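Okay, so here's the structure we're looking at.
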Amino acid sequence: MLFLRTLKLGVKSLMLHPLRSLLTVLGIFIGVASVIWLLAISEGISREAQRQIESLGADTIMIRSVEPPSEKMAPSGVTPYGLTREEFDMLVRTIPTLRTAVPIREIKRTFKYKDRQIEGRLVGSTPDYAEVTRLQVDRGHFITDAENFLREPVCVLASDVAARLFPYEDPIGKRVYLPEHTDYYRVVGVLKFRNDSAAIGGSMEAQSFRDDIYIPIKTLQQRIGDTVVRRAGASFSGEQIELNQITLTVQSIDDVKPTAELVQAALSHHDAMEDIRVIVPLELLEQAQTTRMMFMVFMGLVAAISLLVGGIGIMNIMLATVTERTREIGIRRALGAKRRDIIWQFLVESAVLSVVGGITGILAGLACRPVIVLARDLISSAYPETIAALPEVVRNVTPTIVPISIPIAFFISIAVGIIFGLFPAVRAAQMNPIEALRHE
Amino acid sequence: MQDNPYQVTTAHGFCMAGTTVKNACSIRNLTKEYVLKSETVRALRGVSFDVPEGDYVAIMGPSGSGKSTLLNLLGCLDQATSGELYLGEDNVSLMTDDELAEIRSRRIGFVFQSYNLIQQLTVVENIQVPLYYQGRLGAKDRQRCIELAKRVGLGNRLDHRPTQLSGGQQQRVAIARSLVNDPYFILADEATGNLDSKTTAEILALFDELNEEGRTIIMVTHEDEVAERAKRVIRLRDGLLQSDEQNAPEDRKAAAERAMQLATEVA
Ligand SMILES: Nc1ncnc2c1ncn2[C@@H]1O[C@H](COP(=O)(O)OP(=O)(O)OP(=O)(O)O)[C@@H](O)[C@H]1O
Ligand SMILES: [Mg+2]
């Protein structure tokens, strides 16, 4: 009851200067809203990054062949580089913790069916490839061990390839033509759509699985070989690689790091040539988590500063209010207000300012996701190039409100009101009533 | 109190028509010094007197003689440097800041020269402020405030703000406010100092009525016409009691009539 009256009185006093109160509230509003927004955005970004890294598989180790720096290549002719089948067998034989080991060979090729033609990627691999890259079969089957063993000329199409080469017919049983090798492959399966995998901080490019055609790796080795020639305008360039990638999966997450070390040691003879790279998604994941923590701390700091500024705004206004209302304080003291009544009165006022700022700030914080999504849609329809130029993680970010940030923001706003309101309130209470009454 | 020389005659009250009248306040050797950097100002240098309940005292004296200082001490706004101050039975000289505030809210009514109403509150809310600090916020308490507003002639202005009232009306609100806690006495520091003669006459008439109802009034004034209306005039000079005289009832009546006449002439 008494509190309600004090509250009512506080609101009344604040309404004496509505604009001033509004501006003070704005300071806290911005502070609280920015806490929630910044946390939501950083959470959204890190979740997106984490999701992309996880889609590579936390239990995998990838070894990729990379083109060595030009000074390490022979001046003329084709220099073989990268992983070899022998190394693959060696890894499989010597590393006990492996669950699966998948050799991969990728070549850019042209595919034709009747008069339709597309540029795509021919991927030679083993049946385990589907599992480690999380491919799902839509129709037919993925390449089998038997097909690999028998070096059958069969292939499996990514859903995009199937849609573009066979818009009207069922591709199963049809034969895709490879003009560069004057060779045919019979379609035995079609895959479901799979999202592109993310580029990871420079160590791995983004991978698209849209334009892929999968064939057994032994078929590829027999029918195409290790050396492929690419035509670039009038000149030709060759490439001689046995395997583009080896993807290993281990039995448990704990095995990832020791296995990665073992792999690195086993392949240390590549160090001089710099023609392979070992990628461990788990490490990237851990790295991403550290980055995320730092990001959060940084964002928190920014938000804390804006709350501090808001708090100083409150203190400033309350000090002005106290000076301005010295007479009122004198009257109240003369009429029986104790020091703590005066403290309480001014504290309630500053708390009202900050709580109003806090609540409206939280509401604005909750609007974060729709606002950002809307803004992105608007910008991308108005300036598509600008949006396209942004990194993918930023482009796709959906702010995710961190639930704990709401009570935190609320209590911080109350705390700001009390902490920054306390000094002016105490100052008001310390005034000598007689002098306060004499104040003009 | 036992060996107090004033006790015999006045400390516990004095006899009037055979009944004992209690003291609203009694002060003994009250001094007040303001210690400044360069000097010590002795605003009161030992003042003693009693004010029985129902009395009507005018305090006069030249500027700087310590009238306001004395009134502030009586109103528990300040602590004396030495001496004793009794309000009813309570020895104020020993009280803490909080206890003084408590006394102010329960037992003292202030009327100031500059009205001192709170701008953001209505007439009724202003009257209620002393009750507010006693936690008395019920419907009954509000009703009492409304009655007091009517009592001082502001029954049709209950929800007005101070800025919407004339000086005389504001002073009426202040008087109603001073009555709300049923005080030991009403302290008025030049309560009519800002008012014209007509309004002064009205306010003084109100004081007369209140005094007849049994309210104790202590007021500081510079004007003889105002002082003539009181039952008793205490004069201060240089922080000391110079004189303490009763006004003859006939003189008071004559002064009241003169004031009424003056007021009607002006109007
Ligand atoms: N806070 C203070 N600090 C220092 N000196 C003070 C203070 N208040 C009053 N005085 C001094 O005490 C003396 C008495 O002051 P007081 O206000 O009681 O006079 P007064 O009788 O009310 O005068 P006036 O008729 O002008 O109002 C004066 O000399 C004044 O300068
Ligand atoms: Mg004075």
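A, B, ... follow the sequence lines: proteins, then strands. Residue 1 opens every chain. Values in this document were obtained by computation on a predicted structure and should not be read as measured data.
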Taking side chain as everything from C-beta outward and backbone as N, CA, C, O, which of these in [X] sits under 4.5 Å from a heavy atom of chain A? Side chain, backbone, both or neither.
X	answer
Asp97(B)	side chain
Leu117(B)	backbone
Arg177(B)	side chain
Gln113(B)	neither
Asn116(B)	both
Ser68(B)	neither

> What part of Gln345(A) is in contact with chain B, defined as an atom under 4.5 angstrom from a non-hydrogen atom: side chain, backbone, both or neither?
Replying inline: side chain
> Side chain, backbone, both or neither: which part of Arg339(A) has an atom under 4.5 Å from a heavy atom of chain B?
Replying inline: both
Between [X] and [Y], is any pair of side-chain heavy atoms under 4.5 Å apart?
X	Y	result
Lys338(A)	Arg104(B)	no
Leu77(B)	Arg333(A)	no
Lys12(A)	Glu125(B)	yes
Leu16(A)	Gln119(B)	no

>> For the residue pair Arg332(A) / Tyr132(B), report whether a side-chain donor-acceptor contact shorter than 3.5 Å exists.
In response: no
> Ala337(A) and Ala101(B): which non-hydrogen atoms are nearest, and at how many Å?
Replying inline: O-CB, 3.7 Å
> Looking at Ala334(A) and Phe112(B), what are the two nearest heavy atoms and their distance?
Replying inline: CB-CZ, 4.1 Å
> Between Ser105(B), Gly75(B), Gly135(B), which residue shows the highest count of heavy-atom pairs closer than 4.5 Å to chain A?
Replying inline: Ser105(B)
> Taking only residues at least two apart or on different chains, which pairs with a member in residues 35-45 of chain B satisfy salt bridge (Lys or Arg N to Asp or Glu O under 4.0 Å)?
Replying inline: Glu33(B)-Arg42(B)
From [X] [atom1] over to [Y] [atom2], what is the distance, rounded to the nearest 0.5 angstrom?
X	Y	atom1	atom2	result
Phe110(B)	Leu335(A)	CZ	CG	8.0 Å
Ile331(A)	Asn126(B)	CD1	CG	8.0 Å
Leu73(B)	Ile434(A)	CG	CD1	7.5 Å
Ile118(B)	Ser13(A)	CD1	OG	9.0 Å

>> Please evaluate residues Gln120(B) and Met15(A) with respect to the criterion side-chain contact (heavy atoms from CB on, under 4.5 Å), reporting the C-alpha separation (whole Å), side-chain torsions for both, the decisive distance (0.1 Å), and the verdict.
In response: CA-CA 9 Å; Gln120(B) 61 265 41; Met15(A) 290 315 279; over 6 Å; no
>> Tell me if the CZ atom of Phe298(A) is crowded by more than 12 foreign heavy atoms within 6.0 Å.
In response: no
>> If you count every heavy atom of other residues, nucleotides or ligands that lies below 6.0 Å from Arg237(B) atom CZ, does the total exceed 12?
In response: no
> Just by modelled atom types, is the Leu137(B) backbone N or O under 3.5 Å from a matching donor or acceptor in the Arg5(A) side chain?
Replying inline: no
